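Worksheet: the structure to be examined is printed underneath.
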Amino acid sequence: MSCENISWRSGQELLKQATLVEVRPGRKLRVLRQEPREPKMPTCLLVHGSAASLTQYLALAEALKTLGYGVVCYDWLGCGLSDKPDHWESYAFDELLYDLKAIWDAKWPGKYFVVGHSFGSHLVLRLGAMLADTMLAGDTIAGLILLGAAKQFPEGHPIFRLPVFVLQWLQPSLTKAFLQMALASNDPELIQQETDGCNANPMYMCKAYYRQVRNVSDDEIAKCRSLPSLLIRGGQDGIVSASDVEALAVAMPLAQMKTVANAGHVPMLEEPGKVAELIDEFIKSI
């Protein structure tokens with residue numbers, strides 16, 4: 001089946017099937033689950049980036065569903081329609097990793113490919129390292145798909161040392177500057193959708209997250225070296241450069257690199273059909 005008619009507007013109906021799930025005590029996340037068309041088809045677990053939402057994956061989820069794949073995606077704590085506690089410790093990167101592990105543990109039987117976007121790719125790599133440490137048969141990732149990923153992202157930006165009320169005042173300007181770098185599209189409706197989504201983030205969450213975030217370590221990446229991997233970058237990405245992706249590819253010798261020419265930092269949103277086709281080709285090649 002073809003994904004050529006999939007656009008960033010696709011997949012909105014899937015939201016009706018998302019539910020609020022307590023994945024760990026006191027941590028309720030919005031989760032969307034779609035089983036594969038046939039039991040033999042793999043499932044893709046989609047992990048969004050920092051201060052984002054599963055809505056950035058809806059069009060890709062629709063495309064993957066069209067191709068017969070299962071899909072699981074969720075909002076991080078503090079993002080989208082997940083709970084948003086005003087507790088600093090809730091947004092520690094380890095806590096977000098344990099949430100992802102809980103989502104993983106609730107999987108149905110079959111092959112799973114894990115997809116990570118931007119800083120979400122580092123959560124995905126850390127999950128891969130964690131599973132490699134357990135060495136449990138049948139609890140392995142079939143492959144990694146990393147979108148807009150880099151080996152290193154900036155940690156602890158000094159602007160997030162400002163008081164929350166100042167960050168709230170700056171939020172519209174920060175959002176505008178980010179989207180100018182992140183999006184290749186000039187579609188005013190898409191820009192407005194992403195603007196609204198960014199500006200809905202509570203700044204106490206953003207401050208707590210960005211002050212505690214940390215990059216995946218070289219040792220953790222090394223534990224994922226044996227995993228088949230696909231690295232996809234938007235050709236007009238103003239946040240992650242080609243050399244950033246190449247640095248990650250060097251550390252992952254089984255990685256394939258692909259570029260989506262007309263997309264920016266969120267290729268799964270701007271070119272969901274193309275990204276789905278690349279993922280389908282990659283999975284079928286393994």
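Note that the structure is predicted; figures quoted are calculated from it, not measured. These numbers come from the heavy atoms of this one structure, side chains and all, not from hydrogens, waters or symmetry mates.
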Checklist entry - Where do Gly78 and Asn201 come nearest, in terms of heavy atoms and distance? => result O-OD1, 4.4 Å
Checklist entry - What residues join Leu58 in its hydrophobic cluster, counting side-chain heavy atom gaps under 4.5 Å, either direct or through other members? => result Leu14, Leu15, Leu32, Leu54
Next on the checklist: Among Val115, Val266, Leu269, exactly one meets side chain to side chain contact (heavy atoms under 4.5 Å, CB included) together with Tyr57. Which residue is that?
Outcome noted: Val115
Item to check | Close side-chain approach of Phe113 to Tyr69, heavy-atom, < 4.5 Å | outcome: no
Item to check | Sidechain N-carboxylate O distance under 4.0 Å for Arg9, Glu189 | outcome: yes
Item to check | Non-hydrogen atoms of Val124 and Gly116 that approach each other most closely | outcome: CG2-CA, 3.7 Å
Checklist outcome for this item: CG of Asn199 to OG1 of Thr175, rounded to nearest 0.5 Å, is 4.0 Å
Next on the checklist: Counting only heavy atoms from other residues, nucleotides and ligands, does the tally under 6.0 Å from CG of Asp196 exceed 12?
Outcome noted: yes
Item to check | Atom of Gln171, atom of Cys198 and distance for their closest heavy-atom approach | outcome: NE2-O, 3.1 Å
Checklist entry - Is it the case that one hydrophobic cluster holds both Val275 and Leu190, taking links as side-chain heavy atoms less than 4.5 Å apart, direct or via other members? => result yes
Checklist entry - Salt bridge between Asp244 and Arg233, side-chain N to carboxylate O under 4.0 Å? => result no
Checklist entry - Are side-chain heavy atoms of Tyr112 and Ile141 found at a separation under 4.5 Å? => result no
Checklist entry - Taking the side chain as C-beta and beyond, is there a heavy-atom pair between Tyr74 and Val47 under 4.5 Å? => result yes
Next on the checklist: Does Val72 form a side chain to side chain contact (heavy atoms under 4.5 Å, CB included) with Leu46? I'd like the steps, not just the answer.
Outcome noted: CA-CA 6 Å; Val72 177; Leu46 312 175; over 6 Å; no
Checklist entry - What are the two closest non-hydrogen atoms of Leu162 and Leu170, and how far apart are they? => result CD1-CD1, 3.9 Å
Item to check | Ile159 vs Leu174, side chain to side chain contact (heavy atoms under 4.5 Å, CB included): CA-CA, chis, key distance, verdict | outcome: CA-CA 10 Å; Ile159 198 170; Leu174 295 173; 3.7 Å; yes
Checklist entry - According to a 4.5 Å side-chain heavy-atom criterion applied to Ile, Leu, Val, Met, Phe, Trp and Tyr, with indirect links allowed, do Met257 and Leu248 form part of one hydrophobic cluster? => result yes
Item to check | Gap separating the CG atom of Asp237 from the CG atom of Leu147, nearest 0.5 angstrom | outcome: 10.5 Å
Next on the checklist: Would you say Phe165 ends up clustered with Tyr209 if hydrophobic residues are merged whenever their side chains have heavy atoms under 4.5 Å apart, either directly or through other cluster members?
Outcome noted: yes
Item to check | Separation between CD of Gln168 and SG of Cys206, rounded to the nearest 0.5 Å | outcome: 10.0 Å
Checklist entry - What closest approach, in Å, do Ile286 and Ala142 show between heavy atoms, and which atom pair accounts for it? => result CD1-O, 4.4 Å
Item to check | Pair Glu194, Gln56: side-chain N/O donor-acceptor within cut-off below 3.5 Å | outcome: yes
Checklist entry - Got Ser10 and Leu60 here, is their nearest side-chain heavy-atom distance under 4.5 Å? => result no
Item to check | Nearest-0.5 Å distance that lies between atom CD1 in Ile145 and atom CE in Met268 | outcome: 12.5 Å
Next on the checklist: When you measure from the side chain of Ser118 to the backbone of Gly120, do you find a donor-acceptor pair of N or O atoms at a distance under 3.5 Å?
Outcome noted: no
Checklist entry - Are the side chain of Ser229 and the backbone of Leu227 linked by a donor-acceptor contact shorter than 3.5 Å? => result yes
Checklist entry - Are Leu254 and Leu278 co-members of a hydrophobic cluster defined by side-chain heavy atoms under 4.5 Å apart? => result no
Item to check | Rounded distance [0.5 Å steps], CG in Asn262 versus NZ in Lys274 | outcome: 10.0 Å
Checklist entry - Taking Gln152 for the side chain and Asn215 for the main chain, is one N or O donor matched with an acceptor at less than 3.5 Å? => result no
Checklist entry - Does any N or O in the side chain of His157 come within less than 3.5 Å of the main-chain N or O of Arg211, such that one atom is a donor and the other an acceptor? => result no
Item to check | side chain to side chain contact (heavy atoms under 4.5 Å, CB included) between Cys79 and Met205, worked out | outcome: CA-CA 8 Å; Cys79 297; Met205 177 275 290; 4.0 Å; yes
Item to check | Donor-acceptor pair, side chain of Glu270 and main chain of Gly264, under 3.5 angstrom | outcome: yes
Item to check | Non-hydrogen side-chain atoms of Thr43 and Val71 separated by less than 4.5 Å | outcome: no
Checklist entry - Hey, is Lys258 close enough to Glu271 for a salt bridge, meaning N to O under 4.0 Å? => result no
Item to check | Side-chain heavy atoms of Leu20 within contact of Asp83, under 4.5 Å | outcome: yes
Item to check | Trp169 CH2: over 12 foreign heavy atoms closer than 6.0 Å | outcome: no
Next on the checklist: Using every non-hydrogen atom in the two residues, find where Phe153 and Ser121 come nearest and quote the distance to one decimal.
Outcome noted: CE1-OG, 4.2 Å
Next on the checklist: Looking at Lys84, I want to see if its NZ is surrounded by more than 12 non-hydrogen atoms of other residues, nucleotides or ligands under 6.0 Å.
Outcome noted: yes
Checklist entry - So, Arg30 side chain and Leu77 main chain: donor-acceptor pair closer than 3.5 Å or not? => result no
Checklist entry - Are the side chain of Arg24 and the backbone N or O of Glu95 linked by a donor-acceptor pair below 3.5 Å? => result yes
Item to check | Residue pair Lys284, Asp280: steps toward the salt bridge (charged side-chain N to carboxylate O under 4.0 Å, His left out) verdict | outcome: CA-CA 6 Å; Lys284 288 177 178 176; Asp280 187 43; 3.2 Å; yes
Item to check | Side chain to side chain, Trp104 and Leu45, heavy atoms closer than 4.5 Å | outcome: yes
Item to check | Pair Lys101 + Asp105: basic N to acidic O under 4.0 Å | outcome: yes
Next on the checklist: Does the plane of the ring in His122 sit parallel, tilted or perpendicular to the ring in Phe119? Use 30° and 60° as the thresholds.
Outcome noted: perpendicular
Checklist entry - Any salt bridge between Glu13 and Lys16, counting N to O under 4.0 Å? => result yes
Checklist entry - Would you say Met130 and Leu100 are hydrophobically clustered, going by side-chain heavy atoms of ILVMFWY under 4.5 Å? => result yes
Checklist entry - Heavy-atom count around Lys207 NZ within 6.0 Å, excluding the residue itself: above 12? => result yes
Checklist entry - Does Ile283 reach the side chain of Leu230, with side-chain heavy atoms less than 4.5 Å apart? => result no
Checklist entry - Among side-chain atoms of His48 and Ser53, is any donor-acceptor pair under 3.5 angstrom? => result no
Next on the checklist: Would the distance check show the side chain of Thr195 and the main-chain N or O of Ile191 forming a donor-acceptor pair, the cut-off being under 3.5 Å?
Outcome noted: yes
Item to check | Straight-line distance of Arg126 CZ to Cys224 SG, nearest 0.5 Å | outcome: 11.0 Å
Next on the checklist: Has Ser82 got a side-chain atom pairing as donor or acceptor with Asp75's backbone, closer than 3.5 angstrom?
Outcome noted: yes
Checklist entry - So among Trp88, Tyr204, Tyr91, Tyr210, which one has a ring pair (Phe, Tyr, Trp, His ring centres under 6.0 Å) with Phe160? => result Tyr210
Checklist entry - Can you check side-chain hydrogen bond (donor to acceptor under 3.5 Å, both in side chains) on Glu246 and Ser243, steps first, answer last? => result CA-CA 5 Å; Glu246 288 165 4; Ser243 60; 5.7 Å; no
Next on the checklist: Do the side chains of Arg214 and Glu155 get close enough for a salt bridge, i.e. N-O under 4.0 angstrom?
Outcome noted: no
Next on the checklist: Working note: Arg33 + Cys73, criterion side chain to side chain contact (heavy atoms under 4.5 Å, CB included); need CA distance, chi angles, decisive distance, verdict.
Outcome noted: CA-CA 7 Å; Arg33 303 180 193 272; Cys73 54; over 6 Å; no
